[in-house]
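All figures in this text were calculated on a predicted structure; none of them were measured in a lab. Sequence lines set the chain letters: A, B, ... in the order given, protein chains first and strands last, and positions in each chain run from 1.
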Number of protein chains: 2
Amino acid sequence: MATIRDVAKEAGLSTGTISKALSTPERVSAKNLAKVEAAIAKLNYKPNMLAQKFRSNESKTIVVLVPDIANVFFAKVISGIENVAQQSGYSVLLGDTKDSSSREKSFIQMVETRLADGIINLRPHTSDSALPQEGICAVSATSSENTPYPSVRIDNVGASAEVVKYLLSLGHQRIGVISGLTDNPHAIDRLKGYRSALADADIPYTPDLIVEGDFNYASGLSAVDQFLAMSEPPTAIFCMNDEMAIAAIKGISDRGLKVPEDISVTGFDDMDVSSYCRPPLTSVAQPAEQIGERSAEMIIRMLRQSDTDGHEYVMPHRLIIRQSTAIAKLNPNVSSIK
Amino acid sequence: MATIRDVAKEAGLSTGTISKALSTPERVSAKNLAKVEAAIAKLNYKPNMLAQKFRSNESKTIVVLVPDIANVFFAKVISGIENVAQQSGYSVLLGDTKDSSSREKSFIQMVETRLADGIINLRPHTSDSALPQEGICAVSATSSENTPYPSVRIDNVGASAEVVKYLLSLGHQRIGVISGLTDNPHAIDRLKGYRSALADADIPYTPDLIVEGDFNYASGLSAVDQFLAMSEPPTAIFCMNDEMAIAAIKGISDRGLKVPEDISVTGFDDMDVSSYCRPPLTSVAQPAEQIGERSAEMIIRMLRQSDTDGHEYVMPHRLIIRQSTAIAKLNPNVSSIK
DNA sequence: CTGTTAGCGCCTTCAC
DNA sequence: GTGAAGGCGCTAACAG
């Protein structure tokens, strides 16, 4: 492989001149520039970026920590990160943690060992999170309230409250929740929104109406089974993501009940499929790609100025009303069993 | 930041010994090993991997070229790649090309400039592909037939033929196709399978029954509209992926027709959602994660032995029959309009 | 087993 | 505008 020295020799110049011709061509005479170009072309020279990075002590790389890349929402955020990173000359290293904390640590190590300059974390912050960490430049994307380092997120509490208020406005009083794992920060925020909306409407909070899910289809299905086994099932179910909502609709339909006539169902995230499934799902849209873009901009700025100020961006969300929700039945057919 | 020299000074040893203690501790005396460890701990020394890579001239990094990371199928393949890469000490650099060939080239450059050792390409090979390229170690994953470099794929032709044969066995004779873009290699392979199954059953091929889609929901919806506007619509529609199939079902239902009673619909890829939507979708499952794992194993082996042999792995697929397909109506209700 | 030393490829002074 | 030289952090080769 040709090195800068080979080019220098070929062009009859010094390595310093070649280097300058590459970085600041305007400060090299036209004649020599031509020689350099000819030599580069002849030798098919490609600068060794590994050497450049080593010398500049900058990897120009961002690690993205993601719990599960096969989740469309995360994938979209990553796509947004990539857009911005690429534009700014950064590469994106994928850190699929598969929810293992040892993997998480090994990715954080990459920053300590100079393989990466910073981290964008797509896992919400919990008490046992390895981040933030002294000397590690990190941004939390898709975070929850009270994340102790710079973050980009939506207002989960407000969004959930909005969903629940909408259901209340349709006359629903018994509103079930298919939650995420109880200790998941998003689940906590969204439950908070649910409770505040109920409180505003003077409806008592009934813990039995909260069923724990795990943000995947299977858990949505088993959760809805629990609701349907109740003597008085809810007339509406607020699911904390679309996967669980779609599964819930399936579960309800499999029992011969109808969405939204018998039970209304809402989701969260507004996946692409949610407007194509039947019935199209009422859901909360998050600007996933923009969250990614914003996070990337943020960390790149921090990296450049090395100012780790505690910004927090709250991005807008939008409640999208489709056909999975309707006015509550006065006498829900299921309760007639009683 | 502490360097290996600082550690050497602190431990009262030479840099060479520190280096050896780190790489081959068994070849350093126990006494000195302890000193080294103490010094490392005291200084909180972390080896500079950028320097290591520079010196070894190996980036231990694989670039994954993907058309669209927000597509679940690709995301799963990437997840598989990550599994294996991580185990073997490789990092995965994300190359979301957004179908831009300039972006594609810039990622390929990374190998030439030493930022990456090899490439796994998730875009199927076409005549204007930049890969394969002299001196670039690359593997094509999710490829189509006749890819001119090492590849991992399923038998798209066979899988499609299987789907169509199954539909034929249900009595369908007019089988529509919602295809990918006409020049997409997967679309080409799958159409080939469709035609061969028809030929085997002595059913003439009718070009009108092929409608071009683009592997996304919107195109599925508009394609199905074309079918339903026909004087004699097909009684079954073979969609080249699940997105388009789900959209097709929506389109059919919106017109007051029923799947599968009036029209059968099949998909391809077997996304998670496909078993949860209604009706659950008959589809072809591809082992996405395994395709990724296999690709990663392959390129790592090639990198190690620098033997660019032309292997081609064909992974198993599986036709999964669910409720979106049924026996053909003798008198399809739509044709009664005539 | 340990120390010494010479670079890897590049960029950046600093003279000229 | 250009050349010479030093050094980034690390490892490998060799000498002791």
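Residues A:Asp272 and A:Lys76 are paired through a salt bridge, judged by an N-O separation under 4.0 Å between the basic side chain and the carboxylate. Classification of A:Glu58 and A:Arg114 as a salt-bridged pair fails, no side-chain N sitting under 4.0 Å from a carboxylate O.
Residues forming a side chain to side chain contact (heavy atoms under 4.5 Å, CB included) with B:Thr126 (at least two apart in sequence, or on another chain): B:Asp128, B:Ser129, B:Pro185. For A:Phe54, the ring-ring contact (aromatic ring centres under 6.0 Å, His included) partners are B:Phe54, not counting sequence neighbours.
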Take nucleotides 9-16 of chain C nucleotide by nucleotide from the 5' end and write B, S or -, depending on whether a protein heavy atom sits under 4.0 Å from the base, only from the sugar-phosphate, or from neither.
-> BBBB----
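Counting non-hydrogen atoms under 4.0 angstrom, B:Leu13 reaches the backbone sugars and phosphates but no base.
Between A:Ile78 and A:Ile69 there is a side-chain heavy-atom pair separated by less than 4.5 Å. You'll find the side chain of B:Glu289 reaches within 4.5 Å of the side chain of B:Asn83, heavy atoms only.
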Which atom pairs, one a donor and one an acceptor, fall under 3.5 Å between side chains of residues 135-145 of chain A and the rest of the protein, sequence neighbours left out?
| unit_1 | atom_1 | unit_2 | atom_2 | d |
| --- | --- | --- | --- | --- |
| A:Thr142 | OG1 | A:Leu122 | O | 3.2 |
| A:Glu145 | OE1 | A:Lys192 | NZ | 2.7 |

Pairs of donor and acceptor atoms involving the side chains of residues 28-47 of chain A, under 3.5 Å and at least two apart or interchain, shall be tabulated with distances.
| unit_1 | atom_1 | unit_2 | atom_2 | d |
| --- | --- | --- | --- | --- |
| A:Ser29 | OG | A:Asn32 | N | 3.3 |
| A:Lys42 | NZ | A:Glu10 | OE2 | 3.1 |

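Heavy-atom contacts of chain B under 4.0 Å fall on DNA chain D between two terminal nucleotides, which in 5' to 3' order are D:dC8 to D:dA12.
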